[in-house]
Amino acid sequence: MKAQSILVALSCAWVAAACQPAVDMERAEVEVRAALDRYVECVEQEDMEGYAEIVAHDAAMMNFGAFGGPIVGWDGLREVIEGQYAALDSVQIEQSQVAVNVMPGGSDAWATSLWQFTAKAGESTLELPVRCTWQLQKRAGGWVITHFHKSLAAG
């Protein structure tokens, strides 16, 4: 009887797994890369509307920029980005070594990338090597960034 119960449970689990739609992991990776490219594009073009579409608006979200303390929630992030747009001109981001990892199930992903961030702050030019870690989630509107951590490369 115990063997039959185990066999029935395993059969049910197998049927449930077989009924799940297959996730196209390659397509998900392409979509995540496109979301990261869109993020960069929005920062370079000072496109707050586009930025708002690619980043989650979760109140509990916490991000870390290359400078300063934690950035809490969408309102905190919007304030930081608007301040960046006001303080910097001619932002250019060269993105390299993008590595995307889509989690089983296809609705969550994490990624890493390197940036060469260049901008004008008044008469000064900033050139910063930035390391980025990203967490994304697939939601009704597509992939959105739910967390990022940026730091300056040492040396």
Side-chain angles (χ1 to χ4, degrees), residues 1-82 84-85 91-118 128-155:
M1 185 66 150
K2 187 175 181 181
Q4 279 183 323
S5 296
I6 292 172
L7 185 57
V8 168
L10 288 173
S11 296
C12 288
W14 180 78
V15 168
C19 291
Q20 297 296 318
V23 175
D24 184 342
M25 299 298 265
E26 288 180 25
R27 179 177 178 181
E29 181 179 335
V30 167
E31 291 171 350
V32 168
R33 285 178 182 273
L36 295 175
D37 289 344
R38 178 76 175 123
Y39 181 95
V40 168
E41 178 183 295
C42 290
V43 171
E44 288 179 331
Q45 296 177 1
E46 298 184 11
D47 177 2
M48 197 64 207
E49 186 176 312
Y51 190 93
E53 292 171 1
I54 198 67
V55 177
H57 290 226
D58 302 346
M61 174 176 62
M62 184 177 295
N63 297 295
F64 298 95
F67 301 101
I71 306 165
V72 180
W74 165 247
D75 290 336
L77 180 57
R78 183 181 62 229
E79 184 179 319
V80 166
I81 295 301
E82 287 173 344
Q84 178 178 305
Y85 289 168
V91 172
Q92 294 182 330
I93 300 169
E94 184 181 321
Q95 197 172 207
S96 65
Q97 297 185 35
V98 179
V100 173
N101 300 275
V102 178
M103 303 303 290
S107 61
D108 293 284
W110 63 274
T112 57
S113 61
L114 298 177
W115 281 5
Q116 185 57 44
F117 181 95
T118 306
L128 305 171
V130 182
R131 301 173 295 187
C132 306
T133 303
W134 308 93
Q135 182 176 337
L136 298 94
Q137 189 173 69
K138 190 168 189 177
R139 297 189 177 174
W143 287 95
V144 293
I145 295 164
T146 57
H147 171 76
F148 63 77
H149 186 152
K150 298 175 187 151
S151 63
L152 298 179

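To the nearest 0.5 Å, the span separating NZ on K138 from OG on S107 amounts to 9.0 Å. For the atom pair K150 NZ and N63 CG, the distance stands at 8.0 Å (nearest 0.5 Å). Atom CD in E49 sits 13.0 Å away from atom CD1 in I54 (nearest 0.5 Å). For the atom pair NE2 (H147) and OG1 (T133), the distance works out to 7.5 Å, reported to the nearest 0.5 Å. With values rounded to the nearest 0.5 angstrom, C132 atom SG is found 9.0 Å from F148 atom CZ.
For D47, the salt bridge (charged side-chain N to carboxylate O under 4.0 Å, His left out) criterion is met by R38, not counting sequence neighbours. For the salt bridge (charged side-chain N to carboxylate O under 4.0 Å, His left out) test, residues two or more places apart in sequence or in another chain that qualify with D75 are R78. Taking the side chain to side chain donor-acceptor pair (under 3.5 Å) definition, one finds that T112 meets it with nothing, sequence neighbours left out. With sequence neighbours excluded, the residues forming a side chain to side chain donor-acceptor pair (under 3.5 Å) with D108 are Q137, listed by chain and number. With sequence neighbours excluded, the residues satisfying ring pair (Phe, Tyr, Trp, His ring centres under 6.0 Å) with W74 are H57. With sequence neighbours left out, W115 forms a side chain to side chain donor-acceptor pair (under 3.5 Å) with no residue at all. Considering only residues two or more places apart in sequence or on other chains, F64 meets the ring pair (Phe, Tyr, Trp, His ring centres under 6.0 Å) condition with H149. Annotation: ring pair (Phe, Tyr, Trp, His ring centres under 6.0 Å) contacts of Y51 (sequence neighbours excluded): Y39. Considering only residues two or more places apart in sequence or on other chains, T146 meets the side chain to side chain donor-acceptor pair (under 3.5 Å) condition with none of them.
The shortest non-hydrogen separation linking C42 to G50 is SG-C, 3.4 Å. Among all heavy-atom pairs drawn from Q84 and V43, the shortest one is NE2-CG1, 3.5 Å. Residues A111 and L36 share a closest heavy-atom pair of CB-CD1, 3.8 Å. Closest approach of A56 to M61, counting heavy atoms only: O-CE, 3.1 Å.
Taking a 6.0 Å sphere around CD of Q45, one finds it holds more than 12 heavy atoms contributed by other residues, nucleotides or ligands. Residue M48 qualifies as enclosed at atom CE: its count of foreign heavy atoms under 6.0 Å is above 12.
Listed by first and then second residue, the salt bridge (Lys or Arg N to Asp or Glu O under 4.0 Å) pairs involving residues 53-64 are D58-R139 (not counting sequence neighbours).
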**OP:** Let me see the working for V130 and L114 under side chain to side chain contact (heavy atoms under 4.5 Å, CB included), right down to the final yes or no.
**Re:** CA-CA 6 Å; V130 182; L114 298 177; over 6 Å; no

Subject >> Verdict with reasoning, S113 to W134, per side-chain hydrogen bond (donor to acceptor under 3.5 Å, both in side chains) >> reply: CA-CA 8 Å; S113 61; W134 308 93; 3.1 Å; yes

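Using a 4.5 Å heavy-atom cutoff, the side chains of L77 and V55 are in contact.
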Please tabulate, for side-chain N and O atoms in residues 22-32, each donor-acceptor pair with protein atoms closer than 3.5 Å (sequence neighbours left out).
unit_1: D24; atom_1: OD1; unit_2: E26; atom_2: N; d: 3.3
unit_1: D24; atom_1: OD1; unit_2: R27; atom_2: N; d: 3.0
unit_1: R27; atom_1: NE; unit_2: E31; atom_2: OE2; d: 2.9
unit_1: E29; atom_1: OE2; unit_2: R33; atom_2: NE; d: 3.3
unit_1: E29; atom_1: OE2; unit_2: R33; atom_2: NH2; d: 3.4
unit_1: E31; atom_1: OE1; unit_2: W143; atom_2: NE1; d: 3.1

Do any side-chain atoms of residues 91-102 form donor-acceptor pairs under 3.5 angstrom with protein atoms, and if so which ones, sequence neighbours left out?
unit_1: Q95; atom_1: NE2; unit_2: D37; atom_2: OD1; d: 3.0

